[in-house]
Amino acid sequence: MVNITGHAIEAHALTAVRGRRTVLRDLDFTVPRGQVTGLLGPSGCGKSTLMRAVVGTQAQVTGTLTVLGRPAGDASLRARIGYVTQAPSVYDDLTVRQNLDYFAAVLLPGRHRRDTRAEAVTRALSDVDLTSHADALAGNLSGGQRSRVSLAVALLGTPELLVLDEPTVGLDPVLRRDLWDLFHRLADERGVTLLVSSHVMDEAERCHRLLLMRAGELLADDTPEALRRRNDTPTVEGAFLRLVDAATAADATADTLQETRR
Ligand SMILES: Nc1ncnc2c1ncn2[C@@H]1O[C@H](COP(=O)(O)OP(=O)(O)OP(=O)(O)O)[C@@H](O)[C@H]1O
């Protein structure tokens with residue numbers, strides 16, 4: 001067990017504008033080190049935008065966002081963060097191992113690191129359970145297998161922070177469980193911080209902490225246990241639905257007040 005304290009991510013008044021829309025609105029939150037934090041909310045609520053802000057690829061972000069002690073987007077963070085987008089980034093005309101060899105050569109260049117590269121590739125293949133498919137062409141893999149190749153690429157550089165945008169979409173229940181087991185092993189044994197987005201509520205139960213979002217705002221930043229207790233429901237899904245209903249009712253009241261003032 002790796003004992004790491006402090007926050008991997010700290011956000012204050014984080015706001016992001018895409019086109020003419022404000023898609024993240026004045027967010028304050030922290031993500032503890034060495035834990036699995038889930039980012040949950042309905043499609044379009046801003047999960048990917050928040051992740052892009054964390055890895056420094058989102059334009060028009062204001063507020064303060066500190067990642068591993070540095071401002072988000074700082075060049076020194078590149079090698080410390082692994083980011084997997086929703087669209088798997090693999091070369092279809094290479095085998096799984098060739099894909100990993102290629103990215104390992106970029107991340108760990110130099111002849112003197114040949115053994116380190118080979119070890120990193122072997123470990124990443126085993127981490128995502130693709131050792132038996134190492135010599136298959138990436139173009140011939142299933143969607144779930146391709147997304148696991150992307151995850152393996154992100155693991156090559158032994159990142160301190162892994163940002164995973166809906167990594168379990170399209171996976172069967174066994175693979176989903178195995179991936180969540182891997183996320184916990186990475187946190188427990190290697191001290192990795194994981195920020196994982198999902199809109200599958202049963203996955204929320206597997207997180208140490210949760211950020212629940214709706215329409216660019218945070219509804220909650222808490223542990224699953226505290227969320228269930230505070231909302232008096234047996235599931236995180238129940239808690240989330242209560243929070244959404246309360247926020248919708250508050251919006252409706254605010255709209256009515258505005259109408260009556262006009
Ligand atoms: N290029 C863009 N210009 C304007 N608005 C955009 C752009 N890209 C995304 N948006 C809007 O920003 C909002 C947040 O999008 P985002 O992709 O962060 O949501 P999400 O929660 O990750 O959704 P999903 O779960 O479907 O991936 C959405 O309402 C979307 O329509």
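Atoms within a ligand are numbered from 1 in the order they appear, just like the ligands themselves. Each residue takes its place number in the sequence, starting with 1.
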In the protein, which heavy atom is nearest to atom 19 (O) of ligand 1, and how far is it? G46 N, 3.3 Å

When distances are taken from atom 25 (O) of ligand 1, the protein heavy atom at minimum range is K47 NZ, 2.8 Å

Identify, for atom 11 (C) of ligand 1, the protein heavy atom at the shortest distance, and state residue, atom and that distance. V23 CG1, 3.9 Å

Gap separating the CG atom of L27 from the OG1 atom of T15, nearest 0.5 angstrom: 6.5 Å

Are any of the heavy atoms in E166 under 4.0 Å away from ligand 1? yes

Among protein heavy atoms, which lies nearest atom 7 (C) of ligand 1, and at what distance? R18 NE, 3.6 Å

How many angstroms lie between CZ in R70 and CG in L65, if you round to the nearest 0.5 Å? 13.5 Å

Is ligand 1 under 4.0 Å from a heavy atom in the side chain of M213, in the backbone, in both, or in neither? neither

Any idea how Y102 and Y91 line up, ring-wise: parallel (<30°), tilted (30 to 60°), or perpendicular (>60°)? perpendicular

Tell me which part of S197 gets within contact of ligand 1: side chain, backbone, both or neither, using heavy atoms under 4.0 Å. neither

T49 and ligand 1 - part of the residue with a heavy-atom distance under 4.0 Å: both

Among R20, R21, R214, Q86, whose heavy atom sits nearest atom 30 (C) of ligand 1? R21

Ligand 1 contact by G41, heavy-atom criterion under 4.0 angstrom: no

Quick test of your reading of the structure: of G44, S198, S43, whose heavy atom lies closest to atom 14 (C) of ligand 1? G44

Nearest 0.5 angstrom please: N99 CG to S89 OG, how far? 9.0 Å

In terms of ring plane angle, is the pair W180 and H184 parallel, tilted or perpendicular, where the classes change at 30° and 60°? tilted

Is it true that the side chains of D135 and T95 contain a donor and an acceptor less than 3.5 Å apart? no

Closest protein heavy atom to atom 17 (O) of ligand 1, given as residue, atom name and distance to 0.1 Å: S48 CB, 3.6 Å

Looking just at side-chain N and O atoms, do R242 and T233 make a donor-acceptor pair shorter than 3.5 Å? no

